[in-house]
Enquirer: 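First, the structure itself, so that you have it in front of you.
These figures come from a predicted structure and were not determined experimentally. Note on naming: letters A, B, ... go to the chains in the order of the sequence lines (proteins, then strands), and numbering restarts at 1 for each one.
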There are 2 protein chains.
Amino acid sequence: MKIGELAKRTEVPTRMLRYYEEQGLITPRRQQNGYREYDEYLVDRVKKIRGLLDSGIPTRIIGDMLPCLNQPQEIVVADPDPELRAMLVRERDRMTERIALLEHHTHALTQYIAAMDRSLAATTETRLPQ
Amino acid sequence: MKIGELAKRTEVPTRMLRYYEEQGLITPRRQQNGYREYDEYLVDRVKKIRGLLDSGIPTRIIGDMLPCLNQPQEIVVADPDPELRAMLVRERDRMTERIALLEHHTHALTQYIAAMDRSLAATTETRLPQ
DNA sequence: GCGCAACGTTACAGTCATGTCAAGGTTGAC
DNA sequence: GTCAACCTTGACATGACTGTAACGTTGCGC
């Protein structure tokens, strides 16, 4: 498929798809006219890249991490490199910290929103009797 | 306190403290010699700013959001601006999405790490009998 | 074939949160 | 007085986008 279709299916702008290619995360083939030609499996890959970037993982690390997230039923580890393992543990722990932080903030925001709603309801009520 | 102490206590580099000031998130007073003078309450504020930035909220939004996260016992909403409310809901929902994503990835990574460990244990075992 | 919209290409500039460094002023200890 | 440790501003670099300009390709109606 061409870049436009991939963009639609992944909701990642074409601009970003070209950027990820520049960063070596995906390497589409080229048609004779120079257009990029994307294989089906890249749809999933791109979605995964987006997810990881949204999680705050830099492209450089995503490159090493991606093969570890392809879990076709059974996880097969070809080369249990201890350095890779350490990196994965480090990143996972950072993710866990971020989760805690985000949960704290969502909670605080939810409370504030509820307070706004109460305040709004109160002013509406006081106005009603008029 | 001076910038260095604040940096130590918040673990935010001085560079960033100056940047947050540039973005209008904090406004320290100045000593006669031009040094920035930070009040005690800014320690908390800076930590909050960091947390929000780590959660992927841009400084521009943090500025509007900060007053909503000061919960001194009871939340008092002065002006229940519906636009502000919408912004807060939007950001909270984005945070919730990020949490789901992060949880998914931490889970995947944990599984992969476990697989690496099993693989490593297996190779160690097969070597043991020798 | 012509025109034209929709799509593709590269390349360069700008943004945002950071990092890093230079050049210089201030303070405090010895 | 000098030296380290601290502060100041300012400039340039980087990583992940984001926008846009300038231009080539494709496919459709006419």
Enquirer: Please list, in numerical order, the residues of residues 1-10 of chain B that have a heavy atom closer than 4.0 Å to any atom of DNA chain D.
Expert: B/K2, B/I3, B/G4
Enquirer: Taking DNA chain D as the partner, which of residues 14-33 of chain B come within under 4.0 angstrom of it by heavy atom?
Expert: B/R15, B/R18, B/R30
Enquirer: Can you give the first and last nucleotides of DNA chain D, 5' to 3', that have an atom under 4.0 Å from a heavy atom of chain A?
Expert: D/dA16 to D/dT26
Enquirer: Taking atom P of C/dT18 as reference, at what distance in whole Å does atom CZ of A/R60 sit?
Expert: 16 Å
Enquirer: Grab the two heavy atoms, one from A/L17 and one from A/I26, that are nearest each other, plus how far apart they are.
Expert: O-CD1, 3.7 Å
Enquirer: Who passes side chain to side chain donor-acceptor pair (under 3.5 Å) against B/R92, sequence neighbours left out?
Expert: A/T110
Enquirer: Once salt bridge (Lys or Arg N to Asp or Glu O under 4.0 Å) is applied, do any residues pair with B/D44, and if so which ones, sequence neighbours excluded?
Expert: none
Enquirer: Under the side chain to side chain donor-acceptor pair (under 3.5 Å) test, which residues partner A/E40, sequence neighbours left out?
Expert: A/R9
Enquirer: List in chain and number order the residues that pass side chain to side chain donor-acceptor pair (under 3.5 Å) with B/Q31, two or more places apart in sequence or in another chain; answer none if no residue qualifies.
Expert: B/E37
Enquirer: Locate the shortest heavy-atom distance separating A/D39 from A/M1; write the atom from each residue and the value.
Expert: O-CE, 4.0 Å
Enquirer: Rounding to an integer number of Å, can you tell me how far A/E37 CD sits from C/dG8 C1'?
Expert: 13 Å
Enquirer: For DNA chain C, find the residues of residues 86-106 of chain B with a heavy-atom distance under 4.0 Å and give them by number; none if there aren't any.
Expert: none
Enquirer: Go through the steps for B/R45 and B/Y38 under the test side-chain contact (heavy atoms from CB on, under 4.5 Å), then give the verdict.
Expert: CA-CA 11 Å; B/R45 191 174 170 96; B/Y38 295 90; over 6 Å; no
Enquirer: Mind checking what makes side chain to side chain donor-acceptor pair (under 3.5 Å) contact with B/R60, not counting sequence neighbours?
Expert: none
Enquirer: Determine the minimum heavy-atom distance between B/L88 and B/C68, stating which atoms define it.
Expert: CD1-SG, 4.0 Å
Enquirer: Provide the closest heavy-atom pair for B/T14 versus B/A7 in the form atom of the first, atom of the second, distance.
Expert: CG2-CB, 3.8 Å
Enquirer: Heavy atoms under 4.0 Å, any strand shown: does B/P58 hit a base, just sugar-phosphate, or nothing?
Expert: sugar-phosphate
Enquirer: Cut-off 3.5 Å, no hydrogens considered: what does the side-chain donor-acceptor table look like for residues 49-59 of chain A, sequence neighbours left out?
Expert:
residue, atom, partner, partner atom, Å
A/R50, NH1, A/Y20, OH, 2.4
A/R50, NH2, A/D54, OD1, 2.7
A/S55, OG, A/G51, O, 2.7

Enquirer: Keeping to residues at least two apart or across chains, list the side-chain hydrogen bond (donor to acceptor under 3.5 Å, both in side chains) pairs with something in residues 93-103 of chain B.
Expert: B/E91-B/R94
Enquirer: Who pairs with A/E83 by salt bridge (Lys or Arg N to Asp or Glu O under 4.0 Å), at least two apart in sequence or on another chain?
Expert: none
